[in-house]
Amino acid sequence: MISENPFAIFRNESESILIKAMKNFLPQMKLNNLQLKKPPNIDFGQLASSICFGLGKTLHKKPLDVADSLVAEIDSSYFDLIEKVVSAGGYINFHLNFSKFSTLTLLSIKQLNKEYGFVKTRLPEKIIIEHTSVNPLHPIHVGQARNPILGDALARILDQRGHSVFRHYYIDDVGRQSSVVAYGYDKLGRPQPNEKSDHYVGKIYTITCCLVEIIRLRKKVSKLELCSSSEELLKANTVLDEWLSIREELKQKYPSLYSALFEKIGSEINPDEDIIKLNLDYENGSPDAKNLVRSVSELCLKGFKETQKRINIFYDSWDWESDLVWSKKVINVLQKLRSSPFVYSDGDVLKFNSEKVAVSLALKPKLGLREDYEIPSLTLIRSDGTTLYTTRDIAYTQWKFSQAEKVINVIGMEQSLAQLQLKLALYALGDQDYADNFVHFAYNLVSLPGYKMSSRRGHYITFDEVLDEAIERAYKEVSKRSPNLSEKEKQKISNFVGIGAVRYALIDVDPSKPVVFTWDRVLNFETNSAPYVQYTHARACSILRKIECQPDNQNLSLLEKKLEHELILSLSSFPDIFLEAAEYLKPNIIADYVNTLADKFNSFYNAFPVIKAETTELRDARVLLTEAIKIVISNALALIGVFAPDRM
RNA sequence: GGGCUUGUAGCCUAGCACGGAUUAAGGUGUCGGCCUUCGGAGCCGGAGAUCGUGGGUUCAAAUCCCACCGAGCCCA
């Protein structure tokens with residue numbers, strides 16, 4: 001017999017046995033959720049019920065006595081995967097018949113192989129996952145790197161669950177910042193970069209920002225000097241000083257690019273005006289502006305794509321915010337919103353009353369909000385007539401729903417309010433179905449110890465730097481450990497080891513927790529890291545390579561050591577872990593699971609011989625166990641985008 | 001001022017959605033042991049925790065509820 005979820009068969013059997021016993025024991029009793037849980041120690045069995053504690057209370061008996069009586073009602077003639085059911089300390093413990101269960105589990109894994117664990121949904125959906133969406137102004141930095149790693153893992157998981165997943169990248173090219181880089185790039189004469197293009201664009205952005213900011217602040221200061229508002233003057237001077245010191249930094253770091261830009265921009269009187277004009281022209285779709293802004297953005301995206309290729313992340317669709325504006329989708333949505341009772345004018349500003357939507361549709365409990373919390377309004381149009389990011393995002397979200405049933409946005413949790421308002425806007429537009437299937441997958445920030453990352457100020461560590469460093473470190477390790485490998489092999493290994501380590505480190509922690517970036521965290525090659533798991537996989541492969549062919553009828557009841565039982569139990573739980581990760585969008589539990597599995601296998605490996613087992617029958621059984629472990633490690637790693645090597 | 005997120009050994013993390021077991025689970029660092037055994041990126045053992053604080057609910061609280069404190073972010 002084969003099962004896609006062996007442990008679930010045991011769980012179902014245990015549940016129905018317990019229900020049957022309960023019916024005999026207390027016929028009138030209404031059963032509501034008898035959730036069986038895994039006991040803390042395998043010696044207590046593999047599933048346990050704590051139902052007798054509650055029953056003890058209502059029956060005025062000791063839980064232990066209730067458990068004894070209940071167990072007495074259990075009919076062992078129905079047992080299949082169950083070996084015995086015992087009462088212990090008030091609990092009812094279900095023990096597996098490992099001889100049968102090992103066979104079921106290991107043969108299922110061997111047969112399903114690359115498909116094992118990936119239980120398919122009965123209700124496949126079209127799902128759009130928007131992730132990364134870094135503005136095309138500067139390279140992707142460590143603070144942002146958590147996003148593509150999480151988004152890609154989610155996509156892989158939901159894909160394996162049987163959904164049709166589309167990965168979208170939203171290119172925010174409409175804001176003022178895009179015009180700032182474009183302005184700088186234009187002043188330079190629109191050259192082709194002689195370095196990685198997103199890094200080049202990032203430098204132009206930072207230097208241009210700085211120069212423009214200084215000109216603006218100087219004007220402000222001299223204006224303030226005329227009227228005698230000393231407090232404001234002091235404030236402006238402090239900010240100006242800060243930018244002047246950033247300018248010194250930039251001058252040191254990028255001397256030639258700095259002087260080229262300074263020469264063109266330093267003497268300008270009002271660069272802001274040009275930038276604002278460029279921005280307006282771009283929004284209006286003027287060909288010159290289009291040509292300029294798009295060429296800078298494309299340059300930056302070219303660099304992003306190179307980085308993403310390194311870590312094997314790709315997108316099905318690149319969505320330009322500007323396309324959305326030019327296609328009038330934003331205007332159309334605004335018109336529709338205006339005709340709803342939830343939009344009002346506050347002077348020249350157009351606002352969306354999020355609170356009113358939530359109250360009139362009684363959405364607060366559904367959204368997990370307190371009744372007395374008043375949701376702030378969202379500004380849709382500024383007094384100068386321009387739209388805001390979230391306004392355009394409403395149109396974008398509607399467009400996404402025109403081609404998918406579910407939308408998952410992987411966006412930092414600092415955007416929580418905006419994402420909530422966006423959801424409420426969908427309700428206001430009458431698209432309740434969209435709103436219900438709109439998910440903000442929020443993750444906490446990655447920060448650098450000591451200072452704040454700021455892309456405008458050029459204070460960041462790029463994702464490329466992190467990857468380079470990780471690969472270099474891995475190269476040193478490989479050279480140390482396997483000096484006889486060819487240069488080509490060393491490079492190949494250091495590549496998947498370094499990149500695996502980075503991916504693992506960024507996915508391992510619960511997304512809602514803040515992470516402080518340290519090199520130690522990312523460059524860990526020991527226990528609880530991708531290289532550790534990869535090594536374990538290679539180790540299992542190495543054993544399997546040494547075995548010629550194996551018979552089809554192993555006697556798996558010979559696997560009777562506690563470690564072997566724990567391994568089989570762990571292997572059989574992989575489908576459950578996968579389902580939990582898919583259902584609750586928790587990619588980190590996959591990393592956790594595969595590390596624990598590798599841990600157990602390494603303990604087993606040290607304690608018991610496989611190839612040189614006492615008998616050939618035992619050897620064959622352990623070989624099959626090893627093969628199953630290899631398969632499950634490989635399948636789990638695939639979900640988080642980490643390569644499972646045969647050798648390293 | 002309001003809201004969201006977060007607080008577990010020196011450091012990093014798991015467990016919290018769904019409350020349960022003698023001993024709160026890993027890693028790192030630290031102390032000690034294992035290379036004539038299938039790959040030492042390994043294994044085994046020791047020391048190290050008032051689960052932020054205080055209340056409450058419960059037979060049972062790291063887990064649920066309330067208040068407060070610290071950190072981060074968002075809105076005003």
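If you're wondering where the values come from, they're calculated on a predicted model, not measured in any experiment. As a basis for the values below, the full set of heavy atoms in this structure was taken, side chains included, without hydrogen atoms, waters or symmetry mates. We name chains A, B, ... by the order of the sequence lines, and we start the count at 1 in each one.
Every residue two or more places apart in sequence or in another chain was checked for a side chain to side chain donor-acceptor pair (under 3.5 Å) with A:E617, and none qualifies. Looking at residues two or more places apart in sequence or on another chain, you find a side chain to side chain donor-acceptor pair (under 3.5 Å) between A:K586 and A:E580. Legend: residues meeting side chain to side chain donor-acceptor pair (under 3.5 Å) with A:Y535, ordered by chain and number and at least two apart, are absent. Remark: A:N606 engages no residue in a side chain to side chain donor-acceptor pair (under 3.5 Å) (not counting sequence neighbours). Not counting sequence neighbours, the partners of A:K562 by the salt bridge (Lys or Arg N to Asp or Glu O under 4.0 Å) test are A:D43.
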Residues 366-381 of chain A, side-chain donor-acceptor partners within the protein, below 3.5 Å, at least two apart:
| from | atom 1 | to | atom 2 | distance (Å) |
| --- | --- | --- | --- | --- |
| A:K366 | NZ | A:Y427 | OH | 3.4 |
| A:K366 | NZ | A:D436 | OD1 | 3.0 |
| A:S377 | OG | A:Y344 | OH | 3.0 |

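Between the side chain of A:H565 and the backbone N or O of A:L559 there is at least one donor-acceptor pair closer than 3.5 Å. No donor-acceptor pair closer than 3.5 Å links the side chain of A:E15 to the backbone N or O of A:L36. With hydrogens and angles ignored, the 3.5 Å screen pairs no side-chain donor or acceptor of A:S570 with any backbone N or O of A:E566. Listed for the A:R622 side chain is a donor-acceptor partner under 3.5 Å among the backbone atoms of A:P609.
Scanning residues 591-609 of chain A for heavy-atom distances under 4.0 Å to RNA chain B yields A:D592, A:D599, A:N602, A:S603, A:Y605, A:N606, A:F608, A:P609. Interface residues of residues 344-366 of chain A facing RNA chain B, ordered by number: none; criterion, heavy-atom separation under 4.0 Å. Sorted by residue number, the list of members of residues 141-149 of chain A with any non-hydrogen atom under 4.0 Å from RNA chain B is empty. Near RNA chain B, defined here as any heavy-atom distance below 4.0 Å, the residues from residues 470-491 of chain A are A:V478, A:R481, listed numerically.
The residues A:K490 and A:E477 are annotated as not salt-bridged, no charged nitrogen and carboxylate oxygen being separated by less than 4.0 angstrom.
Of the candidates A:I92, A:D65, A:V85, A:L26, A:I92 is the only one forming a side chain to side chain contact (heavy atoms under 4.5 Å, CB included) with A:L70.
Taking the P atom of each, B:C35 and B:A24 are spaced 33 Å apart, rounded to whole Å. Atom C1' of B:C4 sits at a distance of 24 Å from the matching atom of B:G55, rounded to the whole Å. For the C1' atom pair drawn from B:A67 and B:A25, the interatomic distance equals 31 Å after rounding to whole Å.
The distance between atom CG of A:L448 and atom C1' of B:G72, rounded to the nearest whole Å, is 15 Å. A:N41 places its CG atom 14 Å from the C1' atom of B:A24, with the value rounded to the nearest Å. For A:L506 and B:U13, the CG to P distance is 12 Å, given to the nearest whole Å. In this entry the distance linking CE of A:M413 with P of B:C4 reads 11 Å, nearest Å.
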- prompt: So A:S573 and A:K38, side chain to side chain donor-acceptor pair (under 3.5 Å) or not? Walk me through it.
  reply: CA-CA 11 Å; A:S573 305; A:K38 289 193 181 178; 2.6 Å; yes

- prompt: How does RNA chain B read in dot-bracket, base by base from 5' to 3', with Watson-Crick or G-U pairs under 3.5 Å and | used when the partner is on another strand?
  reply: (((((((..((((......[....)))).(((((.......))))).....(((((..]....)))))))))))).

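Backbone-only contact: A:D510 has heavy atoms under 4.0 Å from sugar-phosphate atoms and none from a base.
Defined by atom type and a distance below 3.5 Å, a donor-acceptor pair is missing between the side-chain atoms of A:T518 and A:D520.
The heavy-atom pair separating A:F441 from A:P511 by the smallest distance is CZ-CG, 3.9 Å.
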- request: Would you mind building the protein contact string for nucleotides 59-66 of chain B? One character per nucleotide, 5' to 3', B for base within reach (heavy atoms under 4.0 Å), S for sugar-phosphate only, - for untouched.
  value: B-------

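Contact annotation: A:Y504 does not reach the phosphate of B:A41 (side-chain N/O to OP1 or OP2, under 4.0 Å).
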